[in-house]
Student: 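Just dropping this structure here.
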Amino acid sequence: MRAPLVVPPEPAKDLGPPKIEIRALNFYYGDSLSLRNINMSLADHSISAFIGPSGCGKSTLLRVLNRMYGLYPNQRAEGEVLIGGRDILGPTVDVAELRYRVGMVFQKPTPFPMSVFDNVAFGLRLGGGVRGAELKSRVESALRDAAIWDEVKDKLHADGRSLSGGQQQRVCIARAIAVKPEVLLLDEPTAALDPISTLRVEETLQALREKYCIVVVTHNLQQAARVSNVTGFMYMGELVEIGPSSQIFTSPKDRRTDDYVTGRFG
Amino acid sequence: MKRRALRKAKNAAFLALSLIATMTGLVCLAAILWTLLSHGLAGMSWHLFTQMTPPPGNQGGLLNAIYGSAVMTLLGILIGSPIGVLAGTYLAEYGRKSRLSAVIRFINDVLLSAPSIIIGLFVYEIVVVRMGHFSAVAGALALAILAIPVTLRTTEDMLNLVPVGMKDSSAALGAYPWRTTISVLYPAARSGIVTGLLLAIARISGETAPLLFTALNNQFWSTHLNAPMANLPVVIFQFALSPYKDWQDLAWAGALIITVTILVLSISARVILALLQAERGSGR
């Protein structure tokens, strides 16, 4: 059973239907089941955080949402994942087009070996059609949205790798949002950064919340509490509990969530 | 205490043996360079670069041989390196774990250490015999075959050094693998791949055996690719074995020219590689 490939009518902003819907999702690495029967909905214009101990499947879940797992052999997903009402797991889905709609930022900053400008313009040039003055303004607005414009506006033509780690990561965020994706995925985006850079990235995420459906995976519980509207706790491939962050961190319903957020394990 | 003294003695003995071995190697190398310099410098003059290889007893230079070596090395790299680079790209990016890649990798290793005279014989049989005469093209082909395994190996190694995250980031933006390879991976591995090309040039510019069977030699100025062409290694081979003093001097001078060229290429390759590593180091 797959949902028809139709985009629902534009929802009212505050109470619109979910941007991402996941139903009965199972994920396999070879023969081992690493995501078990995940069901959930994630709202647009909000930040959803996923927490849990290493190996719980939170990064795997992220890699399903843009089908990154397809780059590696022997990995497969079963079930239904809808983004903006369109099924993304079907065999006829154009994966490159999906990844264009669903941006991703990785744990380690990954600036490409080119100038800051070219880094941010990379996705826009891939899609084609964006050139000249429009390209310049799109790059600038992406860098502004990622809260890095003031720091790099005088070195747009310097190599992206010459920036500091925190600046590189925000350039990577700018690169991901330059193509105006529907969803922005972040896989432990501050794990490799110092506290001040982490703060900058978190502020950036707060600012982006207005425009995107953001999904962030983090090891840092305080970070999840600080930035997210909704938090999901995952454990051993299961989504144990998901709800408003204030509730997850203060009065979780499940014992395991309670143990984890109070630091009894993990 | 006694045991400690024994351990110290063992250490000293080991160190001494290592030093002797190192010195032996270095002394040999220095002796070779000294012989080359003392004989080669004597024959150094502008005539080398302005005149053709002479008949015995006449004054002359190596211009036709230098030109021929440059042309055939360049042609060899132009033919061989695209094949090597593309095959290395296949191994690193597309067929990382396929059985075909394992086979290609094995054959490449064999080719890398194959005696170059066999490559010469192969091209002789395939090209020279069919064409009916020796030619510069055949020489360039033989050199190209020698350049392929070097460039293939370095390209694969250098692409494998590019962080996986960079490739994933490009894919995550919706880039197809070919776009990622051209726009992200090649620039990221550029210095390494260029180093491989320089090493390949260094390797083929000194080869004698493959040219002996293919380009042979030419006493005169010739730019015809379809005709035998002079080249430094074969001229050195021929002149050094001759009984004429002026030919022998030219052979030494030619040997010095090749050695200096290869030295410069190898040093540039190392410098580039060192710069690349410094760049990587500061990037993290």
Side-chain angles (χ1 to χ4, degrees), chain A residues 62-63 65-74 94-115 118-128 159-165 168-169 171-173 175-179 181 183-188 192, chain B residues 85 89-102 154-155 157-196 272-284:
Chain A
L62 215 57
R63 283 165 183 271
L65 296 180
N66 66 348
R67 288 192 45 182
M68 272 318 262
Y69 67 86
L71 295 178
Y72 301 89
N74 298 323
D94 180 344
V95 179
E97 195 259 335
L98 167 71
R99 292 185 188 139
Y100 196 76
R101 291 198 290 136
V102 180
M104 187 167 195
V105 174
F106 296 81
Q107 177 176 345
K108 260 194 167 175
T110 52
F112 295 152
M114 50 185 84
S115 71
D118 289 339
N119 259 283
V120 181
F122 190 84
L124 294 167
R125 285 180 174 142
L126 275 185
D159 194 298
R161 294 169 294 181
S162 66
L163 303 176
S164 76
Q168 288 182 7
Q169 191 65 311
V171 166
C172 290
I173 293 176
R175 185 173 68 195
I177 60 179
V179 297
V183 175
L184 183 61
L185 311 173
L186 301 108
D187 190 358
E188 302 194 30
Chain B
V85 168
T89 307
Y90 173 79
L91 293 187
E93 301 307 326
Y94 291 92
R96 201 174 280 230
K97 287 196 181 128
S98 72
R99 187 162 298 172
L100 178 64
S101 316
T154 43
T155 303
D157 287 352
M158 293 302 149
L159 286 176
N160 280 334
L161 280 182
V162 178
V164 183
M166 210 180 266
K167 197 161 58 165
D168 283 356
S169 295
S170 178
L173 283 165
Y176 287 98
W178 68 269
R179 168 56 70 193
T180 301
T181 302
I182 292 174
S183 299
V184 176
L185 300 178
Y186 280 162
R190 183 174 47 208
S191 350
I193 294 174
V194 169
T195 307
I272 292 176
L273 213 57
L275 288 178
L276 167 85
Q277 266 149 9
E279 194 177 90
R280 265 177 208 289
S282 65
R284 287 223 170 126

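Keep in mind it's a predicted model, so treat the numbers as computed, not measured. In what follows, every heavy atom counts, from backbone to side chain, and hydrogens, waters and symmetry copies are set aside. Residue numbering restarts at 1 for every chain, and letters A, B, ... go by the order of the sequence lines.
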Student: If every non-hydrogen atom of B/S183 is compared with every non-hydrogen atom of A/M114, which pair is closest and at what distance?
Tutor: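 Where B/S183 meets A/M114 most closely, the heavy atoms are O-CE, 3.3 Å.
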
Student: At their closest point, which heavy atom of B/A171 faces which heavy atom of A/L71, and how far apart are they?
Tutor: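 Scanning both residues completely, I find the closest heavy atoms to be CB-CD1, 3.7 Å.
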
Student: In chain order, what residues pass the side chain to side chain contact (heavy atoms under 4.5 Å, CB included) check against A/A121, with sequence neighbours excluded?
Tutor: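 Side chain to side chain contact (heavy atoms under 4.5 Å, CB included) list for A/A121, sorted by chain: A/F117, A/R125, A/L135, A/V139.
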
Student: Ignoring hydrogens, what is the shortest heavy-atom contact between B/M166 and A/T110? Give both atom names and the distance.
Tutor: N-CG2, 3.8 Å

Student: Mind checking side chain to side chain contact (heavy atoms under 4.5 Å, CB included) for A/V179 and listing every partner two or more places apart, or none if nothing turns up?
Tutor: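 With neighbours one apart ignored, the set is A/Y100, A/L124, A/P181.
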
Student: Compare every heavy atom of B/A188 with every heavy atom of A/P113, then report the nearest pair and how far apart it is.
Tutor: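 Of all heavy-atom pairs spanning A/P113 and B/A188, the closest is CG-N, 3.4 Å.
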
Student: Roughly how far apart are B/L173 CG and A/R175 CZ, rounded to 0.5 Å?
Tutor: 5.5 Å

Student: Show the nearest heavy-atom pair for residues A/L126 and B/G174, with the distance to one decimal.
Tutor: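 Reported closest heavy-atom pair: CD1-C, 4.0 Å.
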
Student: To the nearest 0.5 angstrom, please state how far the CZ atom of A/F112 sits from the OG atom of B/S170.
Tutor: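 The CZ atom of A/F112 sits 4.5 Å away from the OG atom of B/S170.
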
Student: Is there a side-chain contact between A/F106 and B/V164 in this structure, where contact means two heavy atoms from C-beta onward sitting under 4.5 Å apart?
Tutor: no

Student: Can you tell which part of A/P111 gets under 4.5 Å to a heavy atom of chain B, answering side chain, backbone, both or neither?
Tutor: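 Contact with chain B involves the backbone of A/P111 alone.
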
Student: Calculate, to the nearest 0.5 Å, the distance between atoms OG and CZ belonging to B/S169 and A/R99 respectively.
Tutor: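 B/S169 atom OG to A/R99 atom CZ measures 12.0 Å (nearest 0.5 Å).
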
Student: Below 4.5 Å from any heavy atom of chain B, which atoms of A/V102 appear? Answer side chain, backbone, both or neither.
Tutor: backbone

Student: For A/D118, which atoms come within 4.5 Å of any heavy atom of chain B: side chain, backbone, both, or neither?
Tutor: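 The answer is neither part of A/D118.
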
